[in-house]
Amino acid sequence: RSLVDEVAADLVDPVADAAGGSADPQRAEHGGPHAGDRGGHGGESDLQLVHGAGVAALADGCDLPVEGDRQGFRRGRILDKIGQRGQDTSELFFEDVKIPRTNLLGAEEGQGFYQLMKQLPWERLVIALTALGYIDYALSETIGYVQERKAFGQRIMDFQNTRFKLAEMKTKAEMLRAFVNDCIVKAEAGTLDPATASMAKYWGSEVQNEVMHECLQLFGGYGYMMDYPIARLYADARVQMIYGGSNEIMKELIARSIDV
């Protein structure tokens, strides 16, 4: 029902995990027309997709879209993040919210967790793609800067250290691109396995943060100023190693595929 508005950007929806809340079985009996939920998470939006491990009224692990104007739902304060400040992240509160059973995503109750799990390889590939985009933009900005900026009578680009650092970063970018492109082919063929997707997410976000660090250094003091894109790219990159499953979790998933 909301897909048309989402595509037109008239409606924004995040994922909120209400596992910390609890359902009230007296307000929403199993088999009734509504599910009840209490909980809270984050996101500033019009429609919340609640993955409710605590929504016992429907069954554990249901995915339930909750409209922003539904009674019992309210947004809390906008959280002050290090980066990605253009995307509001706020607390969400669900106080005895009644959710129509018709909002259930999927054909069966209790399959929400598995529905999300099936999308994890694609989500992690998207994070790797995002990392590559950040890297390409950071390198473009940095190369342009060092070609024009001068110090000690020559361009920053003419220092051997600069040239070696850029050579290293460009090589890492192209290696990541080749791996990501291979993952895209596998994803389209339906053969992208969780371990390979975890490698893409882990390695992509690690390389992204390494490149942001080196690029900012080449900007010198200007790189520390938010007036320059590299400063925002540096701040935005850090969370890439956290969301979508932390990189430590990615390594564990990769290791499990090895230890068989």
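Because the structure is predicted, anything quoted here is derived from the model rather than measured.
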**Student:** Determine whether M169 and L139 make a side-chain contact, defined as any pair of heavy atoms from C-beta on separated by less than 4.5 Å.
**Tutor:**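 Side-chain contact under 4.5 Å: yes.
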**Student:** How long is the straight-line distance from CE of M225 back to CD1 of I230, given to the nearest 0.5 Å?
**Tutor:**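 Interatomic distance, I230 CD1 to M225 CE, rounded to 0.5 Å: 14.0 Å.
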**Student:** What distance separates K165 NZ from T162 OG1, expressed to the nearest 0.5 Å?
**Tutor:**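 Separation between the atoms: 10.0 Å.
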**Student:** Quick check against the 3.5 Å criterion: does T196 have a side-chain atom that pairs as donor or acceptor with the backbone of L192?
**Tutor:**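 Between the backbone of L192 and the side chain of T196 there is no qualifying donor-acceptor contact (under 3.5 Å).
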**Student:** Near M226 CE, under 6.0 Å, is it more than 12 heavy atoms from other residues, nucleotides or ligands?
**Tutor:**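 Count over threshold, so yes.
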**Student:** The criterion is side chain to side chain contact (heavy atoms under 4.5 Å, CB included); which residues satisfy it with D158, sequence neighbours excluded?
**Tutor:**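 With neighbours one apart ignored, the set is Q154, R155, R163.
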**Student:** Between P121 and P194, which heavy-atom pair has the shortest distance, and what is it?
**Tutor:**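 Closest heavy-atom pair between P121 and P194: CG-CA, 4.3 Å.
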**Student:** Of the non-hydrogen atoms in C215 and A138, which two are nearest, and what is the gap between them?
**Tutor:**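 What the structure gives for the nearest pair is SG-O, 3.9 Å.
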**Student:** Which value, rounded to the nearest 0.5 Å, describes the distance between I184 atom CD1 and F179 atom CZ?
**Tutor:**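 These two atoms lie 11.5 Å from each other.
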**Student:** If every non-hydrogen atom of A200 is compared with every non-hydrogen atom of A128, which pair is closest and at what distance?
**Tutor:**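 Heavy-atom minimum between the residues: O-CB, 3.3 Å.
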**Student:** Check side chain to side chain contact (heavy atoms under 4.5 Å, CB included) between Y224 and all other residues, then give those that pass, not counting sequence neighbours.
**Tutor:**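 For Y224 there are no side chain to side chain contact (heavy atoms under 4.5 Å, CB included) partners, ignoring immediate neighbours.
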**Student:** Group every Ile, Leu, Val, Met, Phe, Trp and Tyr by side-chain heavy-atom contacts under 4.5 Å, then state whether F164 and L218 land in the same group.
**Tutor:**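 Result: no, two separate clusters.
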**Student:** Restricting to non-hydrogen atoms, name the atom on P229 and the atom on E141 that form the minimum distance, rounded to 0.1 Å.
**Tutor:**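 Between these two residues, the closest heavy atoms are CG-OE1, 3.8 Å.
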**Student:** Strictly distance-based, threshold 3.5 Å: is any side-chain N or O of R70 a donor or acceptor partner for the main-chain N or O of K98?
**Tutor:**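 Such a contact is found between R70 side chain and K98 backbone.
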**Student:** Tell me whether Y137 is reachable from I135 by hopping between hydrophobic residues (I, L, V, M, F, W, Y) whose side-chain heavy atoms are closer than 4.5 Å.
**Tutor:**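 Yes; tracing contacts between hydrophobic side chains, which count when under 4.5 Å, links both residues.
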**Student:** Tell me, do E214 and E168 make a side-chain contact under 4.5 Å, heavy atoms counted?
**Tutor:**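 Answer no - side chains too far apart.
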**Student:** Please set out all donor-acceptor pairs under 3.5 angstrom arising from side-chain atoms of residues 206-213, sequence neighbours excluded.
**Tutor:**
residue	atom	partner	partner atom	Å
E206	OE2	N247	ND2	3.3
Q208	OE1	Q240	NE2	2.9
N209	ND2	S205	O	2.9
N209	ND2	A237	O	3.2
E210	OE1	K172	NZ	2.9

**Student:** Counting only heavy atoms from other residues, nucleotides and ligands, does the tally under 6.0 Å from CD of Q217 exceed 12?
**Tutor:**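 Open: at most 12 neighbouring heavy atoms sit under 6.0 Å from CD of Q217.
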**Student:** For residues R85 and D80, determine if any side-chain heavy atom of one lies less than 4.5 Å from a side-chain heavy atom of the other.
**Tutor:**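 The answer is yes; the side chains approach within 4.5 Å.
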**Student:** Between M250 and M241, is there a shared hydrophobic cluster once you connect ILVMFWY residues whose side-chain heavy atoms come closer than 4.5 Å?
**Tutor:**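 Cluster IDs for M250 and M241 differ.
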**Student:** Nearest 0.5 Å please: distance from the CG atom of L176 over to the CD atom of E174.
**Tutor:**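 CD of E174 is found 9.0 Å from CG of L176.
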**Student:** Would you compute the distance between atom OG1 of T142 and atom CD of Q147 and round it to the nearest 0.5 angstrom?
**Tutor:**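 One gets 11.0 Å once the value is rounded to the nearest 0.5 Å.
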**Student:** Out of curiosity, does L132 fall in the hydrophobic cluster containing Y202 (side-chain heavy atoms, cut-off under 4.5 Å, transitive links)?
**Tutor:**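 Yes; tracing contacts between hydrophobic side chains, which count when under 4.5 Å, links both residues.
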**Student:** Can you tell me how the ring of Y145 sits relative to the ring of F219, calling it parallel under 30°, perpendicular over 60° and tilted otherwise?
**Tutor:**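 Judged by the thresholds at 30° and 60°, the geometry between Y145 and F219 is parallel.
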**Student:** If we ignore hydrogens and angles and just use 3.5 Å, is the side chain of S198 paired with the main-chain N or O of I254 as donor and acceptor?
**Tutor:**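 Checking the backbone N and O of I254 against the side chain of S198, no donor-acceptor pair under 3.5 Å is found.
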**Student:** What's the spacing between L125 CG and L120 CG if we round to 0.5 Å?
**Tutor:**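 Separation between the atoms: 12.5 Å.
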**Student:** Please check if atom OH in Y134 has more than 12 non-hydrogen atoms from other residues, nucleotides or ligands closer than 6.0 Å.
**Tutor:**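 More than 12 heavy atoms, drawn from other residues, nucleotides or ligands, come within 6.0 Å of this atom.
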**Student:** Does a side-chain heavy-atom distance below 4.5 Å link L166 with K170?
**Tutor:**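 A side-chain contact is absent here, since even the closest heavy-atom pair is not under 4.5 Å.
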**Student:** Between K81 and T89, is any side-chain donor less than 3.5 angstrom from a side-chain acceptor?
**Tutor:**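 Judged by distance alone, the side chains do pair up.
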**Student:** Could you state whether I143 and Y222 fall into the same hydrophobic cluster, counting links through intermediate Ile, Leu, Val, Met, Phe, Trp or Tyr residues with side-chain heavy atoms under 4.5 angstrom apart?
**Tutor:**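 I143 and Y222: one cluster.
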**Student:** Is it true that a side-chain atom of R232 and a backbone atom of G83 form a donor plus acceptor pair closer than 3.5 Å?
**Tutor:**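 Side chain of R232 to backbone of G83, a donor-acceptor pair under 3.5 Å: no, none is there.
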**Student:** May I ask you to test the V146-F159 pair for a side-chain heavy-atom distance under 4.5 Å?
**Tutor:**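 A side-chain contact is absent here, since even the closest heavy-atom pair is not under 4.5 Å.
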